[in-house]
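Comments concern the structure below.
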Amino acid sequence: MGESVLVNRKKFVSSLANELVEPLAELSKQTRIPKSRLLDEAVEDLLKKYQQKRP
């Protein structure tokens, strides 16, 4: 089986706190937004938050 080709994305492997896995899956199911897109949004928000604190 061949590996999928990612054009606009890069593979990133991490882990998630146990208590966040199910709520993320449920949010993805309810909103029909892929988990990867939800994680993109969360990381963007974090980067904005910490960028504002830099001098």
Side-chain angles (χ1 to χ4, degrees):
M1 189 176 281
E3 218 175 289
S4 62
V5 177
L6 301 174
V7 177
N8 297 316
R9 303 188 72 74
K10 184 171 269 199
K11 270 194 178 182
F12 174 79
V13 178
S14 187
S15 60
L16 194 59
N18 290 338
E19 63 271 11
L20 298 176
V21 174
E22 187 56 37
L24 178 62
E26 188 59 34
L27 179 62
S28 176
K29 185 177 177 182
Q30 289 174 358
T31 60
R32 296 173 38 190
I33 299 171
K35 288 182 261 186
S36 60
R37 297 250 200 273
L38 293 172
L39 290 171
D40 284 348
E41 184 177 341
V43 171
E44 286 174 6
D45 289 347
L46 278 170
L47 291 172
K48 286 178 189 175
K49 174 184 174 180
Y50 286 100
Q51 191 172 32
Q52 290 174 355
K53 290 187 176 186
R54 292 182 185 167

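All values reported here derive from a predicted model rather than from experimental measurement. FYI, side chains are in, hydrogens and waters are out, and symmetry mates aren't considered; it's all heavy atoms of this structure. Positions are given from 1, in the same order as the sequence printed here.
Neither Leu38 nor Leu46 shares a network with the other; the hydrophobic side chains, linked directly or stepwise wherever heavy atoms of I, L, V, M, F, W or Y lie under 4.5 Å apart, form separate groups for each. Connection of Tyr50 to Val43 is not established within any shared hydrophobic cluster, with ILVMFWY side chains joined at heavy-atom distances below 4.5 Å, either directly or through further cluster members.
Counting heavy atoms of neighbouring residues, nucleotides and ligands inside a 6.0 Å radius, atom CG of Asn18 does not exceed 12 of them.
Between Thr31 and Leu27, the shortest heavy-atom contact is OG1-O, 2.7 Å. Between Ser28 and Ile33 the shortest heavy-atom distance is OG-O, 2.7 Å.
The NZ atom of Lys35 lies 14.0 Å from the CG atom of Asp40; values are rounded to the nearest 0.5 Å.
Taking the side chain to side chain contact (heavy atoms under 4.5 Å, CB included) definition, one finds that Ser36 meets it with Arg9, Pro34, sequence neighbours left out.
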